[in-house]
Amino acid sequence: MLAVEVGPVDVAHTRYAISPLGEAMNALRVAAGKQPAGALRPWAERIAPRYERLLRETPAVRALTTLFRPGGYNADFIQPPPSGPGADFAVELARVRATPPRQVRAEIARNLAGLRTPPRHVQQILAAPDVLTQLSAAIEATWHALVEPDWPRLRTVLERDLLLRAGHLAMYGWAAALSDLDPRVGWRADGADGVIEVRTGPRNTWERHRLGGKGLLLMPTVFGTLISYVELPWPYALVYPARGVANLLGPPPPQSGAAALARLVGPHRAQVLRALAAPATTTQLVRQLGLSLGAVGGHLAVLRESGLVTRTRTGRSVHYERTPLGESLAGEGT
C-alpha cells in the first residue's frame, strides 16, 4: 500500500507526459501474456504473428519479458518515466542506452531476486557484458513491431486523456482528477492537504511519501496497468490506463440509436460526433477516424452550425466538444 502526501502547491506543479517507450514496454507485457489482455484482446490476437516474428528475430526480447514481474520490482532502466512531455521515442531510448553499467547490473539482480531461474539463453543475455546494448535493441525492435504502426491513433487517445485529466485537476482538484483513474487509486482529504492512496503490495504495509511541492507526473497508457514510481532518481509518477481504449483497439460496443444518428446526420458526421466523447482537436480526430483533414473540418463546421458541438481555443490549439444537444443525439450512456 502506498500513501503519497499532497499539498496545495502540488496541483500547479503536477506534470503530464506521454511515453512512446513506455507504451512499447506495456504493449510487450500484453503480447507476452504477462498482463491480462482484457479489452485489448482483439489487438493482442491481431498482432500475435508480429510478436512471434519479433521473438524469432530478436532473442533479447525474451530476456525483456523475463524482467516483467507483476506485483514486484521491475528494473527501472528499461522503462524510465520521461524527463519532459515525452512523445519522442528516440529521445527516451537514448536515455535507456545511457544508463550506467553498474545501475543496469544492480537493477537486473534486484529484479530477478526470488524469481524462478530463467532459461539458460535468457541468463546468458542478462549476464552478458553488452546486456544494455542487447536490451536496448530489443526495446527498439518491440516499438517498431508492436506500437509504431498504430502510433498516430494511439497518441490521440493519450493526448485526449491528458486534456481531460489536466482540466479536472485544475478546475475541481485531486478528488475529481483521480476519481476514475484506476480502482486502486483513491483520494483522502486532510484539511488543505490530502493523501493519494495506491493499493499495491501487502494490505497492512504502508509506504509513505510526500510530494513536497514537486508535483506528480501523470502518464496515461493504452496498453498498461497501474504503475507507480516513488524511488529516486525518478520523479514521483503514476502510469494509469487511458480512457477510450476499448473503442480504439477493440470492436466498438453496441450503441443504441447509432444507425438512426447516421441516417440523420450522415455516417461520417455521426462518426465525428461520437468521437467527441472527450474534447479533441481537428488533427486528433483525423488520426482517430482516418478521415481527411478537409472532411473532418467540414463535418465540424456543420455540427457547430447545428448547435451540436462548440469550440474553445487553448493557446494555439482549438478543441471541439459536444453541446448538451450533441450529447443527447450521440446517445452516450444509453
Side-chain angles (χ1 to χ4, degrees), residues 16 18 20 23 27 37-47 50 87 146-168 180 220-223 241-334:
Y16 310 88
I18 292 171
E23 290 304 89
L40 297 172
R41 184 166 300 283
W43 174 85
E45 293 173 350
R46 174 165 60 85
I47 59 87
R50 279 190 265 163
L146 303 185
V147 177
E148 187 181 33
D150 296 318
W151 182 239
R153 296 170 65 227
L154 303 181
R155 185 175 62 191
T156 293
V157 171
L158 300 173
E159 288 173 346
R160 294 175 68 181
D161 184 279
L162 284 184
L163 177 67
L164 278 175
R165 200 72 51 192
H168 286 167
D180 62 347
T221 174
V222 169
F223 300 101
R243 295 162 53 103
V245 171
N247 292 351
L248 178 66
L249 296 177
Q255 298 274 1
S256 62
L261 177 63
R263 290 195 299 270
L264 177 66
V265 301
H268 288 161
R269 210 161 286 155
Q271 272 187 291
V272 172
L273 188 61
R274 285 193 173 278
L276 287 173
T281 66
T282 305
T283 301
Q284 290 169 340
L285 291 171
V286 167
R287 292 182 195 145
Q288 179 178 350
L289 300 175
L291 302 175
S292 70
L293 182 62
V296 171
H299 294 319
L300 285 171
V302 173
L303 291 172
R304 184 165 172 258
E305 291 169 2
S306 304
L308 302 181
V309 304
T310 185
R311 66 181 183 181
T312 304
R313 178 172 293 277
T314 307
R316 291 182 294 178
S317 299
V318 176
H319 290 91
Y320 291 85
E321 58 184 309
R322 297 193 299 228
T323 64
L325 177 58
E327 293 281 352
S328 177
L329 278 179
E332 293 300 316
T334 57

Enquirer: Could you grab the distance from atom OG1 of Thr312 to atom CD of Glu321, nearest 0.5 Å is fine?
Expert: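 Here the rounded value is 5.0 Å.
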
Enquirer: Determine yes or no for a side-chain-to-main-chain donor-acceptor pair under 3.5 angstrom, with Arg322 supplying the side chain and Leu308 the backbone.
Expert: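 No.
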
Enquirer: Yes or no on side chain to side chain contact (heavy atoms under 4.5 Å, CB included) for Arg46 and Asp150, after CA distance, side-chain angles and deciding distance?
Expert: CA-CA 12 Å; Arg46 174 165 60 85; Asp150 296 318; 3.5 Å; yes

Enquirer: Give the minimum heavy-atom separation between Leu293 and Val286, together with the two atoms involved.
Expert: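 Minimum heavy-atom separation between Leu293 and Val286: CA-CG2, 3.7 Å.
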
Enquirer: I want to check something: taking the side chain as every heavy atom from C-beta on, are Leu285 and Leu300 in contact at a cut-off of under 4.5 Å?
Expert: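 Yes, at least one pair of side-chain atoms sits under 4.5 Å.
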
Enquirer: Is it the case that more than 12 heavy atoms not belonging to Arg41 sit under 6.0 Å from its CZ atom?
Expert: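 Not buried by this count: 12 neighbours or fewer within 6.0 Å.
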
Enquirer: With sequence neighbours excluded, what pairs up with Glu148 under the side chain to side chain donor-acceptor pair (under 3.5 Å) test?
Expert: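 With neighbours one apart ignored, the set is His144.
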
Enquirer: Without swapping roles, check the side chain of Thr281 against the backbone of Val318 for a donor-acceptor pair under 3.5 Å.
Expert: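 Side chain of Thr281 to backbone of Val318, a donor-acceptor pair under 3.5 Å: no, none is there.
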
Enquirer: Give the minimum heavy-atom separation between Val309 and Tyr320, together with the two atoms involved.
Expert: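 Minimum heavy-atom separation between Val309 and Tyr320: CG2-CD2, 4.4 Å.
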
Enquirer: Tell me, with the steps shown, if Trp151 and Val222 meet side chain to side chain contact (heavy atoms under 4.5 Å, CB included).
Expert: CA-CA 10 Å; Trp151 182 239; Val222 169; over 6 Å; no

Enquirer: Tell me the closest heavy-atom pair linking Ile47 and Leu146, and the distance in Å.
Expert: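 So the minimum-distance heavy-atom pair works out to CD1-CD2, 4.1 Å.
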
Enquirer: Could you list the residues that satisfy side chain to side chain donor-acceptor pair (under 3.5 Å) with Gln271, not counting sequence neighbours?
Expert: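 Here no residue qualifies.
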
Enquirer: Using side chain to side chain donor-acceptor pair (under 3.5 Å) as the criterion, list what pairs up with Arg269, not counting sequence neighbours.
Expert: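 Side chain to side chain donor-acceptor pair (under 3.5 Å) check on Arg269 returns His299.
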
Enquirer: For Thr221 and Glu23, which I'm curious about, is there any donor-acceptor pair between the side chains at under 3.5 Å?
Expert: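 The answer is yes; a qualifying pair exists.
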
Enquirer: Is there a donor-acceptor pair closer than 3.5 Å between any side-chain N or O of Thr282 and the backbone N or O of Gly297?
Expert: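 Absent.
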
Enquirer: Is there side-chain contact between Gln284 and Leu163, with heavy atoms separated by less than 4.5 Å?
Expert: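 No, too far: nothing below the 4.5 Å cut-off.
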
